[in-house]
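Residue numbers run from 1 in the order of the sequence given.
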Amino acid sequence: MRIQITIGEQRFGATLAESAAARDLVAQLPVTVDMIDHGGVEKTGPLPSPLSLDGQPDGADPDVGDLGYYAPGSDLVLYYGDQSYFPGIVVLGRLDGDAAQRISELTGSVTARVEALDD
């Protein structure tokens with residue numbers, strides 16, 4: 001499943017992995033998420049409802065450019081820097097191309113519109 005994330009005038013594509021959490025995210029779309037910069041490595045913001053953790057490990061070590069979910073806060077996460085393994089992280093998919101670099105250049109809080117793309 002492909003999604004589009006719009007922040008201001010910029011659009012970022014992403015491909016979701018096959019998982020219960022990703023399916024739950026798609027079921028909530030379209031959604032607007034107010035995101036803050038967290039630790040200089042990620043943008044995070046709360047989703048309207050928690051995502052399923054069925055079949056997920058206890059945590060993950062996301063790569064730069066991953067799209068994630070932080071279960072304790074029900075947060076959608078855009079990883080643009082190096083985050084180490086942390087309990088509660090679920091990798092939902094992968095941002096396209098140079099999206100991580102472009103997101104790293106967005107300072108402070110942002111509002112992201114997340115929508116499903118027709119394949």
Side-chain angles (χ1 to χ4, degrees):
M1 167 67 72
R2 302 262 314 137
I3 62 170
Q4 178 175 276
I5 302 162
T6 304
I7 300 173
E9 298 300 315
Q10 296 194 60
R11 290 190 171 94
F12 310 95
T15 301
L16 297 177
E18 276 296 319
S19 69
R23 285 189 294 277
D24 279 0
L25 175 63
V26 170
Q28 293 186 33
L29 301 181
V31 65
T32 299
V33 182
D34 292 324
M35 306 185 96
I36 60 168
D37 195 76
H38 189 81
V41 298
E42 61 196 25
K43 297 281 190 197
T44 67
L47 290 168
S49 302
L51 305 182
S52 172
L53 299 178
D54 288 350
Q56 295 297 320
D58 292 336
D61 180 4
D63 292 326
V64 172
D66 278 347
L67 175 69
Y69 173 66
Y70 182 59
S74 294
D75 287 341
L76 184 67
V77 186
L78 308 175
Y79 293 101
Y80 63 83
D82 185 29
Q83 170 65 299
S84 58
Y85 176 91
F86 203 82
I89 293 175
V90 174
V91 175
L92 295 173
R94 189 89 184 130
L95 297 166
D96 293 347
D98 66 348
Q101 171 64 37
R102 290 169 42 215
I103 291 167
S104 75
E105 296 167 359
L106 301 173
T107 57
S109 300
V110 299
T111 298
R113 178 78 172 164
V114 185
E115 303 168 280
L117 289 177
D118 296 328
D119 284 1

*asked:* Side-chain heavy atoms nearer than 4.5 Å, only ILVMFWY residues, links allowed to pass through others: does that put Val77 and Val114 together?
replied: no
*Can you spot which of Asp34, Thr6, Thr32 makes a side chain to side chain donor-acceptor pair (under 3.5 Å) with Thr111?*
Asp34
_Nearest-0.5 Å distance that lies between atom CD in Gln28 and atom OG in Ser49_ = 4.5 Å
*CG on Leu95 to CD on Gln101, rounded to 0.5 Å*: 12.5 Å
*Is it true that atom CG of Asp63 has more than 12 heavy atoms of other residues, nucleotides or ligands lying nearer than 6.0 Å?*
yes
_Using only atom types and a distance under 3.5 Å, with no angle test, would you say the side chain of Lys43 pairs donor to acceptor with the backbone of Leu106?_
yes
*If you measure from CG on Asp61 to OH on Tyr79, what distance do you get to the nearest 0.5 Å?*
9.5 Å
_Does atom CZ (Phe86) have a neighbourhood of more than 12 heavy atoms from anything else shown, all under 6.0 Å?_
no
*asked:* Membership question, hydrophobic clusters at under 4.5 Å side-chain separation (ILVMFWY): are Ile7 and Val41 in the same one?
replied: no
_Non-hydrogen side-chain atoms of Leu76 and Leu67 separated by less than 4.5 Å_ = yes
*Before giving the answer on side-chain contact (heavy atoms from CB on, under 4.5 Å), spell out for Gln56 and Ser19 the whole-Å C-alpha distance, their side-chain angles and the decisive distance to 0.1 Å.*
CA-CA 8 Å; Gln56 295 297 320; Ser19 69; 3.5 Å; yes
*Shortest non-hydrogen contact between Arg2 and Gly13, atoms and distance*: NH2-CA, 4.1 Å
*Flag side-chain contact, heavy atom, 4.5 Å: Val90 against Leu51*: no
*Calculate, to the nearest 0.5 Å, the distance between atoms CZ and CG belonging to Arg113 and Leu29 respectively.*
9.0 Å
*Nearest atoms (heavy-atom pairs only) where Glu42 meets Tyr80*: N-CE2, 3.3 Å
*Which heavy-atom pair separates Pro50 from Asp24 by the least distance, and what is that distance?*
O-OD2, 4.4 Å
*Would a 4.5 Å heavy-atom cut-off, applied to side chains only, mark Pro62 and Val91 as touching?*
yes
_Heavy-atom closest contact (Gly65 atom, Arg94 atom, distance)_ = C-NH1, 3.1 Å
*Might you point out which heavy atoms bring Ala21 and Leu92 nearest each other, and give the distance in Å?*
CB-CD2, 3.6 Å
*So, do Leu47 and Val33 sit near enough that their side-chain heavy atoms are less than 4.5 Å apart?*
yes
*Glu18 CD: over 12 foreign heavy atoms closer than 6.0 Å*: no
*Linking I/L/V/M/F/W/Y whenever their side-chain heavy atoms sit closer than 4.5 Å, directly or via other members, would Tyr70 and Tyr85 fall into one cluster?*
no
*Quick one: are Ile89 and Gln83 in side-chain contact, heavy atoms under 4.5 Å?*
yes
*Check whether any side-chain heavy atom of Ile36 sits under 4.5 Å from a side-chain heavy atom of Thr44, and report yes or no.*
yes
*asked:* Nearest 0.5 angstrom please: Ser104 OG to Leu78 CG, how far?
replied: 11.5 Å
*Report the distance from atom CD1 of Ile103 to atom CE of Met35, rounding to the nearest 0.5 Å.*
8.0 Å
*Non-hydrogen atoms of Val64 and Asp82 that approach each other most closely*: CG2-N, 3.8 Å
